[in-house]
Protein chains: 2
Amino acid sequence: MTNKSSNDMESAVRVRHSAEERREEAVDAVIELSRERSPEGITTQAIAERIGVTHGALFRHFPDKASIWMAVFDWLGARLGRVADTAFAAGGEPLLILERLFHAQIAFVASHPGVPRILFHELQRPAGSTLHGLARGIVGAYRERVKALIVQAKAGGQLPPGLDADAAAVLFVGTVQGLVVQSTLFSGELDMRDAARRVFPLLLDGFRGASA
Amino acid sequence: MTNKSSNDMESAVRVRHSAEERREEAVDAVIELSRERSPEGITTQAIAERIGVTHGALFRHFPDKASIWMAVFDWLGARLGRVADTAFAAGGEPLLILERLFHAQIAFVASHPGVPRILFHELQRPAGSTLHGLARGIVGAYRERVKALIVQAKAGGQLPPGLDADAAAVLFVGTVQGLVVQSTLFSGELDMRDAARRVFPLLLDGFRGASA
DNA sequence: AATAAGTAAGTAACCTGTTACTATCTTACA
DNA sequence: TGTAAGATAGTAACAGGTTACTTACTTATT
């Protein structure tokens, strides 16, 4: 947001930032650019422009483009982890935490529209690749935490003992992802939070079981 | 799989196919290639190679690359529509149709792993683009059909009258998409059908409502 | 003075689309 | 039926553009 005017006045004020700073700026730039264009289409040129630097300079801070993406994924994993941590930290009954987690996750991707696009993009990489593994790790860890909550709720009697905890965790995570897909398709950010509020009770009822 | 040796023996047997045939072959090639690599990364060169033709020949049958993708989406919309049609045609109670639709959809994408990748890829295109609109239309139409079934089930007394039909439709469609995302991430095709079987009952219980 | 950050101008690879030419099929007609 | 003509499918090579990455040189900071 601070650049864009770097073409006026040439390099009148050649701002110098530390390597560390530039690396963070680059990650932010990628997240922002993902909001507008397809992640695969983000060029090193565009990243450099956005942070107000020639694109040669970018390669002083990253050995290659792949490692820029690695940095983006590190950021992403850390942020998503923190979102979950906060939801857990507030405490309360397992089902309450689950609900908080659900909405927190939705709110996070709603306020960072680039994030789901990056994850979807990752789904297209060959299954073996490093970044695919990273994405897998992030979602997998999330699913495990959800499953733990469900098991806990079963133990506490808030969910029926016959509930398939694995299936429930898959459904929970899948619901978040499904909402993201639909909101991306129908591109209404506010819509997503609203849809989440209406969908969650149904999800919970499914866990509680009607016919069991 | 049948190409790759086209450099031995030169053009020993120059096979000629009709334009119509080549166009279909190209679409098939794109679907197949999407299984392995990112759809955005599929080059006209690769498509041509796969159908055993120089890439100049490809442009005899399509004016440009975009229209290849248009053809792919036509194919996709038609096939997905047919899957839904069959599920409806078999008849029965609304909830039964819903279940059949769910599993049919899952089975289809499980047997065409390239399809979800193409749709995910589409999610990354700028929201206004033609192809984004096509994807939107496909998913939107599907959701409407699901909603109609739910309304019908409410009328027939198989679902509670207080059920939020819109939210339920979103959840239903979202569940399919969530399963696809997870199976792509954890790349087990068989896994997806199994997960679908375990998840569906939970979904249905959610519709029936536990607390209402 | 030394080091870290930045620039400008490459380069090699690759990608879409074009063009000038060639081979094959179809069909009209002698 | 045989063949010339026209249409159709295919090829090879290239043009123009973009992309990731490099290199030789410049400027700021400590």
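First the proteins, then the strands, lettered A, B, ... as listed; each starts at 1.
- Computed from coordinates, the B:Trp69 CH2 to C:dC15 P distance equals 15 Å when rounded to whole Å.
- Summarising the geometry, the separation between CZ on B:Phe62 and C1' on C:dT18 is reported as 18 Å, rounded to the nearest angstrom.
- Computed from coordinates, the A:Glu20 CD to C:dA4 C1' distance equals 14 Å when rounded to whole Å.
- What separates NE2 of B:His17 from C1' of C:dA23 is a distance of 15 Å, to the nearest Å.
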| remark: Per-nt protein contacts along nucleotides 13-21 of chain D (heavy atom under 4.0 Å; B base, S backbone sugar-phosphate only, - none) come out as ------SBB

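- Between A:Arg23 atom CZ and C:dG6 atom P the separation is 11 Å, expressed in whole Å.
- Nucleotide D:dT8 holds its P atom 16 Å from the CD atom of B:Glu21, rounded to whole Å.
- Proximity of B:Arg22 to the phosphate of D:dG10: a side-chain N or O atom is located under 4.0 Å from OP1 or OP2.
- For B:Ser18, taking side-chain heavy atoms from C-beta onward, the closest of the listed nucleotides D:dA9, D:dG10, C:dG6 is D:dA9.
- In terms of the salt bridge (charged side-chain N to carboxylate O under 4.0 Å, His left out) criterion, B:Asp64 has no residue partners (sequence neighbours excluded).
- A:Arg16 places its CZ atom 4 Å from the C1' atom of D:dA28, with the value rounded to the nearest Å.
- Not a single side-chain contact (heavy atoms from CB on, under 4.5 Å) links B:Asp74 to another residue, sequence neighbours left out.
- Separating the CZ atom of A:Arg60 from the P atom of D:dT26 is a distance of 14 Å, rounded to the nearest angstrom.
- Scanning for salt bridge (charged side-chain N to carboxylate O under 4.0 Å, His left out) contacts around A:Arg145 gives A:Asp85, with sequence neighbours left out.
- Not counting sequence neighbours, the partners of B:His17 by the side-chain hydrogen bond (donor to acceptor under 3.5 Å, both in side chains) test are B:Arg22, B:Glu25.
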| After noting the C-alpha distance and the side-chain angles of A:Val30 and A:Trp69, does the key distance pass the side-chain contact (heavy atoms from CB on, under 4.5 Å) rule? | CA-CA 8 Å; A:Val30 171; A:Trp69 277 109; 3.8 Å; yes

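- With sequence neighbours excluded, the residues satisfying side-chain contact (heavy atoms from CB on, under 4.5 Å) with B:Gln45 are B:Thr43, B:Glu49, B:His55.
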